[in-house]
Amino acid sequence: MNNNRKLMRRSLTVLIIIAFASIIILLDTKTIGDNYVRRILNLGAIYAIVSVSMNLVNGFTGLFSLGQAGFMAIGAFTVAVFTVPVELREAIFYIVPQNPLVANIELPFFVALILGGLLAALVSILIGMPVLRLKSDYLAIATLGFSEIIRIIFTNMKTITNGALGINRIPGIPTMWITFGVAIVSIIFIVLLINSSYGRAFKAIREDDIAAEAMGINLFKHKVISFAIGAFFAGIGGGLLASLLGTVDPKQFYFTMTYNFLLIIVLGGMGSVSGTIIGSFVVTAGLEYLRIFDEPLTVLGVNIPIFRAGFRMVIFSFLLMILVLFFRQGIMGQKELSWDMIEGWFKRRKGLPKKGKVDKGGTI
């Protein structure tokens with residue numbers, strides 16, 4: 001019976017993977033959907049990368065960091081500076097010429113993407129060395145402040161980032177496979193890390209850092225590793241976002257952007273990778289499709305006054321409040337989506353006892 005169940009689960013898993021790949025192929029070849037749908041899905045995949053990396057720091061290591069927007073800015077501007085064709089840069093930097101050190105350097109997309117992630121990780125290490133000795137709210141305020149410092153530096157580096165004008169004409173992502181492929185590889189890497197000895201050390205620090213240190217875990221070393229890896233993938237997400245939008249400027253990376261990712265990991269579940277992925281697509285799609293409430297509405301010639309710009313955020317916040325009331329720990333809590341969870345859910349719907357429970361007839 002167990003072998004049949006395992007075989008069925010493997011078959012279903014393969015079918016789901018095939019179905020997912022088929023949908024991406026159909027969307028990518030424009031057989032189904034439109035550019036708007038593809039843009040939302042690409043944005044959801046990018047948000048999943050950044051949110052899972054933030055959950056590694058906040059949910060699995062127990063650090064309250066709010067610096068993701070700054071690390072995304074590093075990755076985004078790195079891709080923007082080094083992938084825009086050299087012949088187009090004079091038209092972009094028309095007020096202040098670009099610095100000669102980078103003016104003639106053009107890198108392939110993936111090289112610039114990795115470079116952006118590495119630069120974000122390097123900056124996070126420099127920031128983390130003094131900051132990660134803080135705890136709780138103090139750490140959140142410090143990382144939030146450094147995020148704003150990064151944004152302000154980019155605003156004033158006119159010969160590198162073009163200042164407040166930003167950089168446009170960034171080569172776009174030619175296929176959805178790039179976005180989703182990078183997302184899949186990034187998430188798999190983070191999952192493997194969480195299930196490794198380093199991941200167990202992260203969780204020990206989250207539960208009780210004093211006990212973890214007493215067991216021989218180097219708190220500072222593991223916090224810096226978690227912080228740097230989270231920043232690396234935030235930089236990767238920022239680079240993908242720059243290519244998706246085709247333009248980047250410092251105003252896109254206000255500290256409020258970090259709150260979107262914090263919302264995603266709280267909604268999905270602090271300490272749950274699958275919950276964070278679900279939350280990323282739910283929040284991204286929800287914010288987009290609720291835009292209908294921002295448009296004026298007239299019924300029988302009467303204008304409904306509440307339908308105006310910003311009303312979608314009221315609706316979205318109300319829906320989130322209801323969801324949080326019923327799911328205090330998010331959609332998944334600290335659990336991961338699995339076949340056992342799905343089977344248990346269906347059994348509860350049918351009123352059947354879960355596996356391992358004792359019923360009148362014995363152990364199920």
Side-chain angles (χ1 to χ4, degrees), residues 45-76 78-79 110-134 139-140 142-144 146-147 150 181-207 209 212 217-241 257-258 261-262 264-265 268-277 280 334 336:
I46 294 170
Y47 276 21
I49 297 172
V50 181
S51 300
V52 171
S53 70
M54 187 176 183
N55 209 350
L56 173 67
V57 179
N58 291 41
F60 289 96
T61 313
L63 304 175
F64 192 11
S65 171
L66 296 176
Q68 298 303 101
F71 300 133
M72 285 186 70
I74 294 172
T78 301
V79 169
F110 281 107
V111 175
L113 188 67
I114 298 298
L115 179 61
L118 291 174
L119 288 175
L122 177 61
V123 172
S124 74
I125 293 172
L126 297 176
I127 293 173
M129 291 177 70
V131 165
L132 291 177
R133 300 186 188 279
L134 301 174
L139 177 60
T143 52
L144 186 63
F146 273 109
S147 175
I150 291 171
V182 173
I184 291 169
V185 171
S186 302
I187 292 169
I188 288 175
F189 178 88
I190 293 175
V191 169
L192 292 175
L193 177 67
I194 291 169
N195 293 323
S196 69
S197 59
Y198 283 98
R200 290 190 289 273
F202 296 157
K203 294 175 185 177
I205 295 171
R206 176 190 66 189
E207 298 301 328
D209 56 351
I217 296 174
N218 188 325
L219 297 185
F220 182 70
K221 170 188 170 184
H222 285 85
K223 286 181 179 180
V224 170
I225 290 173
S226 174
F227 197 57
I229 293 174
F232 173 82
F233 286 108
I236 294 292
L240 288 171
L241 182 65
M257 181 180 231
T258 301
F261 303 118
L262 185 62
I264 288 171
I265 64 176
M270 298 281 283
S272 172
V273 173
S274 53
T276 302
I277 297 170
S280 300
Q334 291 187 355
E336 299 294 348

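Below, all heavy atoms of this structure are taken into account, side chains as well, without hydrogens, waters or symmetry copies. In what follows, residues are counted from 1 in the order of the sequence shown. Everything quoted here is computed from the prediction, not taken from an experiment.
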[X]: what forms a ring-ring contact (aromatic ring centres under 6.0 Å, His included) with it, not counting sequence neighbours?
X	value
F232	none
Y198	H222
F110	none
F227	F71

Set of side-chain contact (heavy atoms from CB on, under 4.5 Å) partners for [X], sequence neighbours left out:
X	result
I125	M129, V224, A228
A142	V131, L134
L192	I188
S186	I49, V182, F233

How about L193 and F202: do any of their side-chain heavy atoms sit closer than 4.5 Å? yes
Residues forming a side-chain hydrogen bond (donor to acceptor under 3.5 Å, both in side chains) with [X], sequence neighbours excluded:
X	result
T143	none
S226	T61
S124	none
S65	none

